[in-house]
**Q** 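My structure is below; once you've seen it, I'll send some questions.
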Amino acid sequence: MFSEKEIQKIRNQFPILKERVYSNPLVYMDNAATTQKPLKVIQASQDYYNTMNSNVHRGLHYLSHKATFYVEKVREKLQKFIHARYSSEIIFTKGTTESINLVASSMDPFLKKGDEVIISCIEHHSNFVPWQVLCKKKGAILKIISIYENGFLKLKDFEFLISKKTKIVSISHISNVLGIINPIKNIIKKSHEYGALVLIDGAQAPSNLDLDVQDLNVDFYVFSAHKMYGPTGIGILYGKKKILEKLHPYQFGGEMIKNVSFNQTTYSDLPFKFEAGTPNIEGIIVWGFAIDFVKEIGISNIQSYKKNLLIYAVKRLSLIDGIQLYGKSNDFSKKSGIISFNLNKLHCFDVGSILDRLGIAVRTGHLCAQPLMEFFKVPGMIRISFSIYNTFKEIDYLFEGLLKAKKILLK
Ligand SMILES: *Cc1c(COP(=O)(O)O)cnc(C)c1O
């Protein structure tokens with residue numbers, strides 16, 4: 001557990017936390033949307049342009065070699081970070097959304113009429129729409145795992161839905177709305193018994209959990225850099241080598257070809273087969289510094305600190321008369337630092353606007369999960385999500401802010 005002083009030292013690494021919002025100190029609680037960036041990440045971006053900007057894997061000149069070297073270093077860093085077997089199993093993409101679209105598009109030739117795809121009702125639109133579109137196009141059937149009132153997946157439902165017809169199961173590791181950590185290892189094991197592939201949307205996981213894709217035995221695992229202190233516009237698709245080799249490329253162009261002639265083209269080997277065009281070179285290299293930041297603090301330290309914030313916040317917020325917390329559980333080992341709620345019958349935008357005036361940044365609305373809003377029969381929710389730089393005092397300030405919002409809005 002970190003002392004207040006240690007957290008202050010970490011906070012000092014984030015210049016944006018010194019910003020003032022309508023003359024109040026910034027209280028940033030929208031980390032599930034994107035985290036803030038530490039100084040070493042911000043500086044790495046400038047260093048990249050000052051010392052190595054050039055295109056990768058093409059030039060023979062010094063700068064091109066240097067940039068290529070660092071890009072490939074980060075690929076290896078990510079390989080170690082998620083315990084992948086080969087670095088060529090790490091494909092750079094724009095982020096979680098593009099990674100899922102890549103897999104959905106590349107699966108197209110392997111899906112036929114009557115085949116089935118399973119997702120769940122808590123999925124982010126990024127892990128919902130690509131499968132819905134693919135199924136419509138192919139005449140395949142999209143099956144959706146339901147949840148209990150407390151937001152936990154109905155595993156019985158899953159066991160009922162899975163069959164030899166299931167070609168792929170795509171589930172989030174941690175819900176971006178409810179913060180629930182899904183039992184993905186069981187889901188993966190069960191899916192494999194029926195010969196289905198599994199994709200895990202890990203967008204909320206890498207700064208919360210130790211990841212071991214080999215231990216999970218997952219076929220595809222995807223996440224973005226920007227929710228783990230890194231830059232936007234960069235993420236990965238991890239895929240098992242054997243499976244990636246069988247999949248068709250997602251996009252075509254430079255970098256992904258071996259030979260192009262007037263009549264035909266042969267593709268590069270992994271990972272380049274899936275990396276058409278100039279990649280986000282800066283993003284990749286800068287991401288390496290964000291990974292270092294996470295490793296220096298230690299994922300398990302981040303995890304346990306955030307858990308303490310979560311427990312404290314749930315306790316405080318539960319004291320507010322008329323608050324409705326979603327995805328509530330007494331088992332905090334199944335939860336990450338995300339809380340979504342509504343206050344009395346107030347509209348989430350009204351509450352969010354008052355919090356904003358107090359300098360508190362929260363998420364409001366459908367949270368990119370409209371089917372889940374439909375399940376709870378609400379137009380939207382208010383979401384707070386923690387990071388390593390949040391404090392217990394900020395939670396107290398939020399608590400006061402919510403009381404203030406009630407007073408103003410319930411008049
Ligand atoms: C943020 C998020 C996404 C989308 O990530 P992008 O970086 O916007 O592509 C998908 N799924 C979950 C669970 C998320 O939290």
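Both counts, for ligands and for their atoms, begin at 1 and track the order of listing. Along the sequence shown, residues are numbered consecutively beginning with 1.
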**Q** Under 4.0 angstrom from ligand 1, any heavy atom of His125?
**A** no
**Q** What's the separation between atom CD1 in Ile382 and atom CG in Leu355, rounded to the nearest 0.5 Å?
**A** 7.0 Å
**Q** Would you mind reporting whether Ile299 and Asn208 have side-chain heavy atoms less than 4.5 Å apart?
**A** no
**Q** Check each of Ile174, Ile338, Asp201 against atom 11 (N) of ligand 1 and report the one with the nearest heavy atom.
**A** Asp201
**Q** Among side-chain atoms of Ser329 and Asp331, is any donor-acceptor pair under 3.5 angstrom?
**A** no
**Q** Among all the protein's non-hydrogen atoms, which is closest to atom 9 (O) of ligand 1, and how far away is it?
**A** Thr97 OG1, 2.5 Å
**Q** Is there a nitrogen or oxygen of Ser224 sitting under 3.5 Å from a nitrogen or oxygen of ligand 1?
**A** yes
**Q** Regarding His192 and Asp219, is there a side-chain donor-to-acceptor distance under 3.5 Å anywhere?
**A** yes
**Q** What do we get for His226 next to ligand 1 when only non-hydrogen atoms under 4.0 Å count, side chain, backbone, both or neither?
**A** side chain
**Q** Check for me whether Lys227 has a heavy atom closer than 4.0 Å to any atom of ligand 1.
**A** yes
**Q** Examine the side chains of Ser106 and His248 and answer whether a donor and an acceptor come within less than 3.5 Å of each other.
**A** no
**Q** Give yes if a backbone or side-chain nitrogen or oxygen of Ser172 is under 3.5 Å from a nitrogen or oxygen of ligand 1, and no if not.
**A** no
**Q** Using modelled atom types only, decide if a donor and an acceptor are shared between the side chain of Gln370 and the backbone of His366 within a distance under 3.5 Å.
**A** no
**Q** At what distance is the nearest protein heavy atom to atom 5 (O) of ligand 1, and which residue and atom is it?
**A** Thr96 CB, 3.4 Å
**Q** Could an N or O of ligand 1 be found under 3.5 Å from any N or O of Asn176, whether backbone or side chain?
**A** no
**Q** Testing the basics here: between Pro130 and His125, what is the closest heavy-atom pair and its distance to 0.1 Å?
**A** CD-O, 3.6 Å
